[in-house]
Amino acid sequence: MMNILEEAIVYATIMHQGKVRKFKAIPFILHPLEVAQILATMTDDQEIITAGILHDIVEETDGTLSEIEKRFGRRVAHLVSSVTEKVFPEEERTESWQRRKESSLHILQNSKDNGVRMITLADTLANIRSLARMYSESGDIMWEELHQRDPSIQGWYYRSVAEALELSLNKTGAFKELIKHINFIWPGSFDSEKARYKKYREVSVDGCEKIGHGAKSDVYRYDDELVIKVFNQNNTYHDVEKEIAQSRQAFILGLPTAISFGIVSVGDRYGAMYELVNSETVSERIARSPGQVGIYANIMADLALSIHSTEVSGDDGFPDAAGRVMDYIDGGIGREDSALGEKCRKLFEALPPVNTLVHGDFHTNNVFMQNDEPILIDMDRISIGHPIVELSDLYYFYVFLGEEDPSAVEKFMGFSYETACTFFDLFLKRYLGTEDGERLREVKQKASLLCCSRMIRKLCKMGKPSEAGRELISSCVRKISELTSELDTLVF
């Protein structure tokens with residue numbers, strides 16, 4: 001009687017019979033067998049190896065997941081399903097290439113099953129081995145034979161897969177070989193040291209007090225001298241490296257930011273260690289003493305003014321915040337109403353060029369108080385940009401999000417929506433240096449315009465909006481229509 005692996009080989013051989021790979025007409029069955037061989041170097045779990053043998057059945061044959069489940073069990077079917085690309089029947093495979101890859105990356109980044117990561121690594125390695133051989137023989141002519149002919153976009157995909165797999169599988173020979181091939185085809189993609197053995201310090205935050213929370217990470221007090229910022233699973237090693245590098249550059253420029261001691265692994269996530277002695281977030285202080293919200297609004301406003309007056313050059317390595325805002329506009333209001341999207345785009349593009357910084361994620365959860373001095377964290381979005389970008393972010397966090405659901409702000413900030421609105425009002429007065437109600441209202445309108453498009457983008461990015469989501473989108477569109485007819489500039 002055949003075991004599960006032997007049965008999978010026979011089944012896959014029959015299902016792929018007559019099919020060949022893209023390059024050199026190699027029999028297709030050799031690819032899943034190569035994937036199985038690579039998997040066998042990482043695990044002895046027969047269900048994972050079996051799923052590797054079967055991983056292309058649904059994509060490349062008329063086989064189905066239900067048939068795989070019946071023959072090989074629920075877990076094998078789940079693994080195959082997780083690595084099977086989403087189908088976009090309305091598009092040719094060439095046209096849907098990037099959408100399919102983005103969908104696969106999203107599943108990979110959010111999967112908690114190491115079997116999914118192993119199969120993805122084995123499949124990606126087998127594919128890039130073929131690419132590397134062909135690239136050695138024919139160079140850039142090779143790209144003409146692929147569904148995606150742009151080598152830079154191909155490079156984006158392979159780098160993204162490697163970044164998503166690094167923390168969990170960086171110790172495997174398969175991962176190191178993948179890095180080697182990526183660097184061969186796209187030189188300089190990764191530090192060559194990544195292709196060598198490297199062990200990250202492993203730490204645990206079990207029992208540690210959580211002292212900060214953000215959209216991308218949580219901050220824990222590790223001991224009396226150290227804190228650990230633990231990034232969520234969607235953050236790659238590259239993201240953490242980037243934040244640490246930008247924190248150091250900001251520190252050199254005179255901004256009060258914590259310097260990391262390096263990257264650690266916290267379970268299946270990355271962490272960065274910082275020295276923050278006797279520190280707590282501004283959010284915690286406001287929550288404990290809401291009556292002192294004005295004190296902390298002033299501290300935050302003064303800190304924002306310091307950031308926004310920090311001049312930089314292109315050599316400092318900071319990105320342009322305009323890319324993020326244009327994504328909000330093009331992927332938000334631009335999708336719902338192209339004419340309104342164009343008005344918003346022109347308003348934003350008419351802002352005068354600047355060479356000063358914005359933090360990009362500036363709120364009271366991302367500022368610690370140490371000996372009554374503010375310390376910035378979460379530096380991954382620090383960029384060059386006009387201050388209206390930062391003010392719109394603040395308005396979004398403290399006012400806009402709570403207009404439909406006050407609890408959203410309360411849960412995120414840790415204090416009441418009423419206190420949040422008070423905080424923003426006091427912050428803006430200090431920041432602008434005015435009590436002029438008309439000027440304050442005007443700046444809020446300009447911030448609200450960008451917030452509305454940001455909300456539309458957020459809802460659209462989550463997939464097909466619910467009925468409540470559609471109502472909120474319609475409300476934002478109406479608001480943008482009113483604001484674009486009233487505003488002739490975003491300058492304040």
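Note that the structure is predicted; figures quoted are calculated from it, not measured.
- With hydrogens and angles ignored, the 3.5 Å screen pairs no side-chain donor or acceptor of Ser289 with any backbone N or O of Ile286.
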Check against salt bridge (charged side-chain N to carboxylate O under 4.0 Å, His left out), Glu243 and Arg381: CA-CA 8 Å; Glu243 175 170 342; Arg381 281 191 173 184; over 6 Å; no
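- Residues Val282 and Met300 come closest through the heavy atom pair CG2-SD, 4.3 Å.
- For the pair Arg430 and Phe423, the NZ or CZ position fails the cation-pi test of under 6.0 Å to the six-membered ring centre and within 45 degrees of the ring normal.
- Separating the CZ atom in Phe415 from the OG atom in Ser283 is a distance of 4.5 Å, to the nearest 0.5 Å.
- Under the 3.5 Å distance criterion, the side-chain polar atoms of Ser309 are matched with a main-chain donor or acceptor of Leu305.
- No donor-acceptor distance shorter than 3.5 angstrom exists from the side chain of Ser453 to the backbone of Leu450, with no hydrogens or angles considered.
- Between Asp405 and Lys411 there is no salt bridge, since none of the side-chain N atoms of the basic residue sits less than 4.0 Å from a carboxylate O of the acidic one.
- Judged as a side-chain contact (heavy atoms from CB on, under 4.5 Å), and not counting sequence neighbours, the contacts of Ser260 are Ile244, Ala272, Tyr274.
- Using a 4.0 Å cut-off between a side-chain N of Lys or Arg and a carboxylate O of Asp or Glu, Arg159 and Glu163 do not qualify as a salt bridge.
- With hydrogens and angles disregarded, a donor-acceptor distance shorter than 3.5 Å links the side chain of Asn110 to the backbone of His106.
- One finds a salt bridge joining Arg454 and Asp393 here, because a Lys/Arg side-chain nitrogen approaches an Asp/Glu carboxylate oxygen to under 4.0 Å.
- Qualifying side-chain contact (heavy atoms from CB on, under 4.5 Å) partners for Leu303, counting only residues two or more places apart in sequence or in other chains: Pro256, Ile307, Phe362, Val367, Pro374, Leu376.
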